[in-house]
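In what follows, a structure is listed as structure tokens, so that the remarks can point back to it.
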2 protein chains.
Amino acid sequence: MATNRRERQREATKTEIRDAARAQLTAGGPNSISLRAIARDMGLTAAALYRYYDSLDALVEDLCADRYDALTTEVLAARENGATPLDQLREACRAYRRWALRNPHEYALICGEPVIGTVHDHVESNPKGDAAMRFTLAFLEPFTAVWHARTTPPQPLVPGVAEALSGPNVETLRQALPIEGVAFFLIGWTRLSGAITMEIFGHLRWATDDTEPLFEQNLEDMLRQLTL
Amino acid sequence: MATNRRERQREATKTEIRDAARAQLTAGGPNSISLRAIARDMGLTAAALYRYYDSLDALVEDLCADRYDALTTEVLAARENGATPLDQLREACRAYRRWALRNPHEYALICGEPVIGTVHDHVESNPKGDAAMRFTLAFLEPFTAVWHARTTPPQPLVPGVAEALSGPNVETLRQALPIEGVAFFLIGWTRLSGAITMEIFGHLRWATDDTEPLFEQNLEDMLRQLTL
DNA sequence: TGGCAAAGTAAACGGCGTTAACTCTAATAA
DNA sequence: TTATTAGAGTTAACGCCGTTTACTTTGCCA
């Protein structure tokens with residue numbers, strides 16, 4: 001390749017920028033990431049960074065997808081620690097929480113406020129959304145195995161759920177699970193993410209300092225309900 | 001009172017500041033609240049606002065507590081729409097979600113990233129934390145009634161939960177509920193808040209646009225598990 | 001070897017939170 | 001009633017910030 005060396009250089013610089021941004025994120029949270037500070041750390045001008053990213057927002061979004069993937073990698077690795085699918089699922093959930101506790105600011109970046117009506121035309125590439133989906137799917141395989149080992153039929157669905165879960169992106173789930181399983185999976189994912197988010201964001205600190213037993217209780221309740 | 005008139009003026013100005021801040025919050029989210037813009041809207045100088053708030057952060061924190069209380073008021077009102085305690089609890093949960101959907105940016109302010117090790121010495125007054133606790137307790141009364149109507153004994157707790165739930169602030173809960181009830185209440189609250197937060201922050205949009213049925217399913221599952 | 005695209009710089013614009021020194025005004029104390 | 005004084009507000013500045021424009025340097029390729 002002719003341009004290969006050039007492009008490798010470019011990619012290396014981009015990585016250096018992301019690393020500098022990550023250092024600021026770890027130190028002071030998402031809002032304290034600053035282009036000028038990154039440039040200062042790297043020994044160049046703020047304007048130079050615009051050769052690599054269109055804006056601060058674009059850089060932050062890239063960083064967000066990057067961190068999402070780091071989390072996904074760790075969750076996938078934790079699955080190996082379980083002998084049965086149920087254990088794999090439990091270990092994946094615990095790894096998720098541990099990562100969030102270890103990297104609270106990165107978790108805040110991942111989980112915090114898009115909020116807006118950013119309808120995001122699904123045509124354009126959406127690296128953050130893709131990373132979010134990859135992460136969610138890291139739980140799907142063991143969940144599916146546990147689900148199919150259920151002994152009793154699931155509770156009937158509330159009217160409207162089946163119709164709501166018919167979008168193009170749930171196809172991956174529908175291939176692996178019946179509609180009741182898809183609903184359970186999404187609700188469970190909401191429950192897991194919600195529990196961790198509440199904990200990281202400090203919304204449980206008024207009640208207790210030692211939040212781990214409560215998480216374990218929550219997790220076991222969830223898994224018991226899943227296995228019936 | 002001699003100083004009464006002065007102080008009423010002062011309080012009125014503070015309210016006007018909060019209202020201006022709230023308008024910016026509604027329009028562009030927590031990060032777009034700006035002292036200079038508030039001053040511009042009110043027809044005075046940014047420096048003048050420092051007569052009323054020590055910093056932008058202090059203003060935002062006050063606004064946050066204020067919005068928390070607005071949410072609490074609405075949840076308390078919704079309880080009246082239920083005949084039985086179970087219905088009251090359901091209506092309270094639905095009102096919580098409706099408020100969040102109607103005021104997503106205000107919800108982001110309430111629920112978003114404190115995250116940091118802001119250990120918050122519990123001596124100093126903490127209006128936001130107090131408001132958060134008042135909100136949580138808005139669900140306690142109907143929950144307690146439903147809990148006491150249970151027919152079967154609760155699942156045994158994971159080891160360590162009882163010890164973790166012994167802080168000073170859980171006293172209010174302990175007076176109304178046995179330890180298993182306290183755990184269930186906190187986990188349920190986590191589950192409810194988590195579900196709403198995930199929905200508002202857009203973390204379910206990859207799966208479906210119509211998230212209401214999923215929430216209803218989640219809620220009914222929760223209430224069924226509570227009533228056994 | 002000349003040209004050309006990429007990388008980087010300098011300087012400016014407007015916006016931000018915050019501070020310090022000042023004026024004015026209205027309630028209070030003599 | 002008048003002098004004092006505390007509070008409200010202004011002006012001007014400081015040092016950050018993201019972003020843009022016009023410029024210079026650098027190193028690859030034909």
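Computation of the quantities below employed the complete heavy-atom set of this structure, encompassing side-chain atoms and omitting hydrogens, waters and symmetry-equivalent molecules. Every chain is numbered from 1 and lettered A, B, ... according to where its sequence line falls, protein lines coming before strand lines. This is a predicted model, so every value here is computed, not measured.
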How does each nucleotide of nucleotides 13-22 of chain C score, in 5' to 3' order, for protein heavy atoms under 4.0 Å: base (B), sugar-phosphate only (S), or none (-)? ---BBBBB--

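Using a 4.0 Å cut-off between charged side-chain N and carboxylate O, A/Glu91 and A/Arg94 make a salt bridge. A salt bridge between A/Glu106 and A/Arg67 is present, with a side-chain N of the basic residue lying under 4.0 Å from a carboxylate O of the acidic one.
One finds a side-chain N or O of A/Arg10 lying less than 4.0 angstrom from the OP1 or OP2 phosphate oxygen of C/dA7.
Protein atom CG of A/Leu44 is 15 Å distant from nucleotide atom C1' of D/dT26, rounded to whole Å. Summarising the geometry, the separation between CE on B/Met42 and P on D/dA8 is reported as 12 Å, rounded to the nearest angstrom. Nucleotide D/dG18 holds its P atom 10 Å from the CG atom of A/Leu59, rounded to whole Å. The nearest whole Å value for the distance from the NZ atom in B/Lys14 to the P atom in D/dG7 is 14 Å. Computed from coordinates, the B/Gln9 CD to D/dA8 P distance equals 9 Å when rounded to whole Å.
Of the N and O atoms on the side chains of B/Thr211 and B/Glu199, at least one donor lies less than 3.5 Å from an acceptor on the other residue.
Between A/Phe139 and A/Cys93 there is a side-chain heavy-atom pair separated by less than 4.5 Å. Between B/Asp41 and B/Gln24, the closest side-chain pair of non-hydrogen atoms falls below 4.5 Å.
Remark: side-chain polar atoms of B/Ser55 are paired, donor with acceptor, to backbone N or O of B/Ala58 under 3.5 angstrom. In this structure, B/Asn103 contributes its side chain and B/Trp99 its backbone to a donor-acceptor pair below 3.5 Å.
Shown for residues 15-25 of chain A: no residue has heavy atoms falling under 4.0 angstrom of DNA chain C.
Using a 4.0 Å heavy-atom cutoff across all strands shown, A/Tyr53 reaches no nucleic acid atom at all.
Other residues, nucleotides and ligands place more than 12 heavy atoms under 6.0 Å from the CD atom of B/Glu74.
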